[in-house]
Amino acid sequence: MAEIAQVIVDVPTMQTNRPYTYQVPAQFDRQIQVGMRVIIPFGNGSRQVQGFVVGLDEQTEFDGELKSIISIMDLNPVLNQELLAMSQWLADSCYAFRISCMHTMLPNVMKTKTQRYLQIIDELSETDLFELFHGQDEILFDPENMPAETVSRLLKLKRQHQIEVTYALTDQAKAKFVTSIKPTMSFERYEEERSLLRASAKAQNKLLSFLQSILGKEMSLSEAKEITGLANSIFTTGEKKQWLEKDQLEVLRTPQTTLNSDNKVIPELTADQKVAVDAICESINQEKTAETFLLQGVTGSGKTEVYLRAIEETLSEDKTALMLVPEISLTPQMVTRVKGRFGELVAVLHSGLSNGERYDEWRRIERGEAKVVVGARSAIFAPLQSIGLIIMDEEHETSYKQDETPRYHARNVAKWRSEYYGATIVLGSATPSLESRARAQKGVYHHLLLPERINQQPLPAVQVIDMRQELRKHAESNFSTALLDAVKDRISRGEQSILMLNRRGYSSFIMCRDCGFVMQCPNCDISLTLHMDTHTMKCHYCGHEEGIPKICPNCQGHKIRYYGTGTQKVQEELQSLIPDAKILRMDVDTTRRKGAHEKLLNAFGNQEADILLGTQMIAKGLDFPNVTLVGVINADTALGLPDFRSSERTFQLLTQVSGRAGRADKAGAVIVQTFNPDHYAIKLAQHHDYERFFQTEMNIRHRGKYPPYFYTLQISVSHEEEVQAAKSIMEIAQFLKANLAATSIILGPTPKSIARMNRKYYYQLVIKYKQDNQLHSTLTQMMDQIQKQSRQGIQISIDPEPQHFI
DNA sequence: AGCACGCCGACT
DNA sequence: GTCGGCGTGCTC
C-alpha cells in the first residue's frame, strides 16, 4: 500500500487552514516523517509551495486525484511531536492559521523563498526574444519590479503556451561550512617526510610538526593558519604532497561571549532565598507535576540566584531548563552570568542574532547540545526536550505578549509546555501582574517571597514633586527645582544620575501659532513627530517622512513652532540648565544601530557621563553602582490613557526605576515629577507598597469587571473606507450579542484611538467574559463569515487578552 | 497567496 | 469582433 501524507501548506488563509492529502512517491517511501518540510504542487498550474507533514497514513478519505510530493526538505523532522501538537493548540487559542503558528515556532530560515522563472518552450519572435528574454531561454519572473507593459507581454506569451512558469523554492536553512584540514599520516611517516626536506624548507618543516601535533583531529584552515602563521600556499603544498586532506567542516555561528571566571563565585543564599530554592527544587524533583511558583522579590533581592540554583537542580535531574527574560534585560552581563555558571550548555536566543546565528543556536538546542536556553519571548518555542523548568523573569512585562498574529502570550505557552512535560514554572517579578498575583492568592500558584534586598539596604526614599505647584512657581520647564538641585549635587560629588522620560503620548510635533495647524500624516490620523537629527517630520506608525515646513501649509503664516517633549528637547533644556553636565541620551533614535545600545550603557558604566537620559528602556535591569539618583520627569503620561491597566503600568514602572538607585554601598534617592501626586499608583509606588496597590487595584478591577475577574478579547476590523469598517464591526457586534452567553459583556464598538493607519480605518470592540462555552465556536464562525468579505477589503483580527486597549 | 476562469467595457 | 480589466472560486 502506498504511503499518503497529510500536509499543512504554506498558504496563510482561512480556506487553506487545514491539512491537504498527498501521495508519497515510491522514491520517498518510508523516508518521510511527521514534522518534516516538503515541497508540494498546490493549485492549478504548476505552482509549488512549502508544506509541513503532519500525518502519515495508508489510505485517505479524500476521493479525488492525489498529487505527489515533489521533494523532502529535511533529513530529520524540524517539528517534533510536542511542537506539532502545540502548533494546533496555539492556532486554536490565538485564532491564527496553523501555518503561521508553525513558522512562529521555527527560525526564520525555515521559510522558503519562492522564485519564479519564465522558460521558453516554443519559438519566440526575434523582438520578444531580445526585448523580453535578452537572448536567453530563461529569465527571472518578478512582476513587482518589472514594467507593467513587460509583464502583460509576458503573460500573453504564457497564455499562448509559448513560455511557461517554473518554480524554485530555496531553503535558507543551510549550515555554514569552512575549509578544514586533516592530517593523513602517522607520526613516523611525517618524520620520514621531514628527513626528505631540504634544510631551507622551513615552512614545510613547520607544517609537518604542526600536523604531527594535531594527529587524528580536524581543524579549520583559518584556525591552522592563525596558529602556525603559515601562508595558504604552504597548506596547498601540503595537500599536494598528501600530508593533509582538505575537507568541508560544519561550523556553528555561535556568537562569541567572553567568559570571565570571576562569575564562577557562587554566592551564599539568604534564608528567604533558601526557602524559595528548596520549594522549587522539590517540585522539580517530582516527576510529572506541573506546578507554578510566583517568586515575588523586590529589586535586588536575588531572584536571579534562585533561578540559577533551580536550573542547576534541573540539570542534575537530567532535564532541560528554559529561562525567559524581556528583550531589554537580555544584556551581555546577564548572559555572561548564566554562561559563567553553565558554560557550553547554554544557548542564547535574542533579537540581535542574524538568521544564520539563530538557526545554529536552534540546532544546538534541537540536537540536545544545549540544555539551558535563555531568551526573549519567542525562545519559549525552543526545541528543548524533557523540559524540567521554565523561568519567566519580570513576568509582568507586556513584551511577553506578541502584538502581531499569532498573538500568543509566552506565559500561556509556558503553561502548555509545563503540562506536557510535567515541568515546574517559576514566574519572577518585583511587581507581579495582577493576574498572577491573584492566582497566587487563590492558591493556584505557590507564592514565594523575597522581601529583603541582599545587601540589607533599604529601598531608596522616593520624593514626589507636584508639578502643578512647580509651574506656579516658575516658568514652564521640564525640571523642578528639587530635581535640578539633586542632579547638580550628584555631579559635584562625582556620582551619576538616571533620568527617565515617559515617552508614551509625549512626542514633539510642530504647530502653527497663527492658525493652530498641526502637521499630520497623510496615511494615518496622527501628528507627525519632529526628528531633529534627520531634520524631518516622521510618522511613528507607517514611517512616512517629509521635510520640516518653514511656512504653514494651511495659512502660509511664518509662525511655525515646536511643541511637545522628546528626549532630545529635554536633553537640550537640561544642557542649558546645567551647562557642564555630560549627558548621554538613550532612546529609539540613538539606539537604532546594532550595538549602539550596549555602547551607550558601557560608556555610562565607565562613568563617561554624569547623566543618562532616556525612555522606558533605561528602567529595566541596569545595574550601575555609582548611580545614586533616579529622576522620573513625567510619571503620569500613561495615567491619562484610556486603558484599565494604566495604573498598573505606572506603578510597575515607578517601582522598577526606583530599584535602579543606590544598589551598592551608597544610598540612593528617587525623585518623581507628576501632575497627579495624589494618584494611588504614584503614592503606593512612593512607599514601595505592592500589597496595598494590589488590594486597591483588585477592588477597582472587580467593580469594573476587568481582568483578573473577567477575561478580555478584542476584535478589530479595518477597511480603506470608514463606512465599510464601521458597518462591518456593527454587524459583528449584532452577531455576537445574539450568540454569546448572557454573562458576557460587549464594549463598543468604537473607532480605534488612532482611527486611521496606513490608509485604513480601524474599528474595534472588546468582549469581557467570565465563562463562555459558545465563545470559541461563535468567533470561529464569525471569522469564516468575514473571510468571505475579505475580497472587498475587510480585514479582521482577534486578540485574546490584549495588552493595549488604545 | 496566486492562479484560472468568466463576464463586461473600449480598442485595433 | 478581440483584448484585458478585475470579481469569484479553488487549491489534496
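Order of the sequence lines fixes the chain letters, A, B, ..., with proteins taken first and strands second; residue numbering starts at 1 for each chain.
Of the possible donor and acceptor atoms, none in the side chain of E164(A) sits under 3.5 Å from a partner among the backbone N and O of L118(A). In terms of modelled atom types and a separation under 3.5 Å, the side chain of D772(A) and the main chain of A741(A) share a donor-acceptor contact.
Across all strands, R116(A) comes closer than 4.0 Å only to sugar-phosphate atoms, never to a base (heavy-atom distances). P19(A) comes within 4.0 angstrom of no nucleic acid atom, judged by non-hydrogen atoms across all strands. When heavy atoms are screened at a 4.0 angstrom cut-off, F42(A) is found touching base atoms of the nucleic acid. Using a 4.0 Å heavy-atom distance criterion, E65(A) is classed as a sugar-phosphate-only contact.
Closest contact between the side chain of Y20(A) and the listed nucleotides dA4(B), dT11(C), dC3(B) involves dT11(C). Checked against dC12(C), dT11(C), dG4(C), the side chain of L66(A) finds its nearest nucleotide in dC12(C). Across dG4(C), dC10(C), dA4(B), the shortest atom-to-atom separation from the side chain of N44(A) is found for dA4(B). In the set dG4(C), dC3(B), dC12(C), dG4(C) carries the atom at the smallest distance from any side-chain atom of R159(A).
When rounded to the nearest whole Å, the span between CZ of F52(A) and P of dC12(C) equals 19 Å. Taking atom CD of Q50(A) as the reference point, atom C1' of dG2(B) lies 17 Å away to the nearest angstrom. In this structure, the CG atom of N17(A) is 16 Å from the P atom of dT11(C), given to the nearest Å. I8(A) places its CD1 atom 17 Å from the P atom of dA1(B), with the value rounded to the nearest Å. Note: CD (Q15(A)) to P (dG2(B)) measures 14 Å, nearest angstrom. Taking atom CD1 of residue I39(A) and atom P of nucleotide dC12(C), one finds them 16 Å apart after rounding to whole Å. Taking atom NZ of K111(A) as the reference point, atom P of dA1(B) lies 13 Å away to the nearest angstrom. Atom-to-atom, NZ of K156(A) to C1' of dT2(C) comes out at 10 Å; the value is rounded to the nearest Å.
Using a 4.0 Å cut-off, no side-chain N or O of Y167(A) falls inside it from OP1 or OP2 of dA1(B). Of the side-chain N and O atoms in K158(A), one or more sit less than 4.0 angstrom from OP1 or OP2 of dA4(B).
Taking 4.0 Å as the cut-off between side-chain N and carboxylate O, R363(A) and E369(A) do not count as a salt-bridged pair. Of the charged side-chain nitrogens involved, none lies within less than 4.0 Å of a carboxylate oxygen, so that E722(A) and K727(A) do not count as a salt-bridged pair. We find that D171(A) and R37(A) are joined by a salt bridge, their nearest charged nitrogen and carboxylate oxygen being less than 4.0 Å apart.
Sorted by residue number, the list of members of residues 84-106 of chain A with any non-hydrogen atom under 4.0 Å from DNA chain C is empty.
Relative to the ring axis of Y421(A), R417(A) does not place its NZ or CZ within 45° and under 6.0 Å from the centre.
More than 12 non-hydrogen atoms from other residues, nucleotides or ligands lie less than 6.0 angstrom from CD of Q160(A). Annotation for Q248(A): atom CD counts as buried by contact number, over 12 foreign heavy atoms lying within 6.0 Å. More than 12 heavy atoms of other shown residues, nucleotides or ligands fall within 6.0 angstrom of atom NZ in K67(A).
Stems are defined here as 3 or more consecutive Watson-Crick or G-U wobble pairs with pairing distances under 3.5 Å; those involving DNA chain B are B:1-11 with C:1-11.
The aromatic rings of W416(A) and W89(A) lie parallel to each other, with less than 30° between the two planes, well short of the 60° mark.
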